[in-house]
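When reading the values below, keep in mind they use all heavy atoms of this one structure, side chains included, and skip hydrogens, waters and symmetry mates.
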Amino acid sequence: MTSSTKTLDGGWGWAIVAASFMAQLLSFGSPQSVGVLYPEWLHTYQESKAMTAWVGSLVGGVGLIASPICSACVDNFGARPVTIFSGVMVAGGLMLSAFAPNVQFLIFSYGIVVGLGCGLVYAATLTITCQYFDKRRGLALGIVTTGTSVGAFIYATAQNELIVLYGLDGCLLIIGAIALNLMACSGFMRPLNMPGYYIKQKAALERNTEEQLFVKPPFDDLKIAVGSATTAPEKPLTVKELLITIESKDLTIQTEKKEGPLAGLAIMKAIKKKHKAYCKYMQSLYEILQDQEMVAFCIAIFLFSLGAFPPVLFIEDVAQSEGLIEEVSIIPLVSIGAISTCIGKLALGIIVDFKWINGVYLYAFTMFAGGLALLLIPITKSYIGLQILTAILGFFSGNWSLTSYITTKIVGLDRLTQAHGILMFFGGFGIMLGPPVVGWFFDWTQSYDLAFYFSGSCVLLGAFILFLLSLPCWNRKSSENNKPEVQYTCTCEKVASVA
């Protein structure tokens, strides 16, 4: 335990932060700046805006919806193998998109494949960063998560220039080749804790060793080579590792010692244990959704994602459709929004730490301000005005950094994993629906005005619901009395699944 704590908050941990920052930059750079590619896809495939919008909505939403699966992969196989595999998925999806014959193929290659790869990278980078930091975990996670915004800022301009020089296909091939550097980033992710898959393999190996304890080994096996060092004492297993070891041993031991019908009873007993754990998990989810403030937060996340994400995809096409600019500028609107989001994440994260600031009301205020910016986009008739509104909307979109903080305040640390998974599902669902709905509004009216009025109204409605249902006048159980403080072990499995 002492050797584990000495490695936290410094040393190799900063190499992990740098590698995780670069991994998020390389993976999320293109998806977060997909608004630059959207006009090119419209021109190339001549499909409706609603159909083409599914590409950008899926690449942003699939990773969030599949976050429980991504977290399970990291928990079982470790951050390094998952990052290598996600590098193959992101690079392969981008390169396949260069040869897409239609939008439907692009939805699969760019939307689903790249989206799942980004989800895996996000889970892996947050998990390995949490393992290496304790007191400075907030700072480390803040640096790592800004990689998405910095990547969007850089890739928006880079993709614009690559399209001019090499065309859309050449741009996607080059971006895909650059994404292969994710494998190099994974090399720095040295694990502190043994992943679940390897613990099970270790338990199986120990079980085979136990069966041979009373077998006398050959004399040659007992010899120690000259100059060889004595073996170091084995590091004791953590609680998580011990539980996985017991789980892997339990069923095999019961079935090996019993034959015939008794073996079947042992299997049924193990199945009942799993079923009991599953029922307990579902009961915990039900209790979380019984909290009025939590339900309001889920609705607010859904409405904010539904209304605030489409500008990332459509803002460049809005400028061109309104005749404010003929082509994408040197510094695209997507880049302005990305760097503003980066600043917003850091600023809002600092503000929410003040004791006199209520995190829920702060989130509601950011939604209110973002909704007003969305309502002003249709009446803006200058490119400078569109740049200012994009910066404002991007800044308040940095409220994603508040979700973990607010979730902990509402449900407590012991239920952070389940609650944040529910929130990410609602957020991903909103991101998936938002762009197709806005595209459908344009195909129906041949204008973005009604679409952005709808988006702004959704965000304002979410802010009103969150503020109204969070007022102290409602009779709710006090979180201080019913949610005792829960202290983590040396690892941070609960924080890991926030990815």
Please check if the distance between the ring centroids of W41 and Y110 is under 6.0 Å. yes
Keeping [X] on the side-chain end and [Y] on the backbone end, is there a donor-acceptor pair under 3.5 Å?
X	Y	answer
S455	F452	no
R80	G187	yes
W440	A451	no
N160	V36	no
Q292	L469	yes
T129	L126	no
S447	D449	yes
Y45	Q104	no
Y132	R190	yes
N102	F105	yes

Inspect the surroundings of [atom1] in [X] and state if more than 12 heavy atoms from other residues, nucleotides or ligands are less than 6.0 Å away.
X	atom1	answer
I384	CD1	no
M51	CE	no
I351	CD1	yes

[X] side, atom [atom1]; [Y] side, atom [atom2] - distance, nearest 0.5 Å:
X	Y	atom1	atom2	value
S30	L25	OG	CG	11.5 Å
T52	K49	OG1	NZ	8.0 Å
C458	M367	SG	CE	9.5 Å
F302	I465	CZ	CD1	11.0 Å
Y38	S33	OH	OG	15.5 Å
I112	L106	CD1	CG	11.0 Å

Please test V114 against M89 for side-chain contact (heavy atoms from CB on, under 4.5 Å), starting from the C-alpha separation and ending with a verdict. CA-CA 6 Å; V114 177; M89 289 190 68; over 6 Å; no
Does [X] have any ring-ring contact (aromatic ring centres under 6.0 Å, His included) partners at least two apart in sequence or in another chain, and if so, which?
X	result
Y448	F314, F442
Y361	F467
F426	none
F368	none

All side-chain contact (heavy atoms from CB on, under 4.5 Å) counterparts of I65, not counting sequence neighbours: F425, M432
Pairing residues for V437 by the side-chain contact (heavy atoms from CB on, under 4.5 Å) criterion, not counting sequence neighbours: F441, F454
Determine whether Y155 and L26 satisfy the following criterion, side-chain contact (heavy atoms from CB on, under 4.5 Å), listing intermediate values before the conclusion. CA-CA 9 Å; Y155 270 64; L26 293 169; 3.7 Å; yes
Worked check of side chain to side chain donor-acceptor pair (under 3.5 Å) between S97 and S109: CA-CA 6 Å; S97 301; S109 62; 3.0 Å; yes
Please give me the minimum heavy-atom distance between [X] and [Y], naming the atom from each residue.
X	Y	result
V360	S470	CG1-OG, 3.3 Å
V121	S27	CG1-OG, 3.5 Å
A98	L173	CB-CG, 3.7 Å
P436	A50	O-CB, 3.7 Å
G60	I431	C-CG2, 3.6 Å
P31	V59	CB-CG2, 3.7 Å

Would a 4.5 Å heavy-atom cut-off, applied to side chains only, mark [X] and [Y] as touching?
X	Y	value
L393	L389	no
L172	M95	no
E47	L42	no
W54	P435	no
I16	S20	yes
L460	F464	no

When you look at Q32 and S149, which way does the side chain to side chain donor-acceptor pair (under 3.5 Å) test go after all the steps? CA-CA 8 Å; Q32 290 292 321; S149 301; over 6 Å; no
Chi angles and distances behind the side-chain contact (heavy atoms from CB on, under 4.5 Å) call for T341, F395: CA-CA 5 Å; T341 301; F395 179 85; over 6 Å; no
Evaluate the criterion side-chain contact (heavy atoms from CB on, under 4.5 Å) for residue pair L37 and I163; output intermediate values, then yes/no. CA-CA 9 Å; L37 301 175; I163 289 173; 3.9 Å; yes
Is there a donor in the side chain of T145 and an acceptor in the side chain of Q24, or the other way round, less than 3.5 Å apart? no
Would you kindly say whether K345 and S340 are connected by a side-chain donor-acceptor distance under 3.5 Å? no
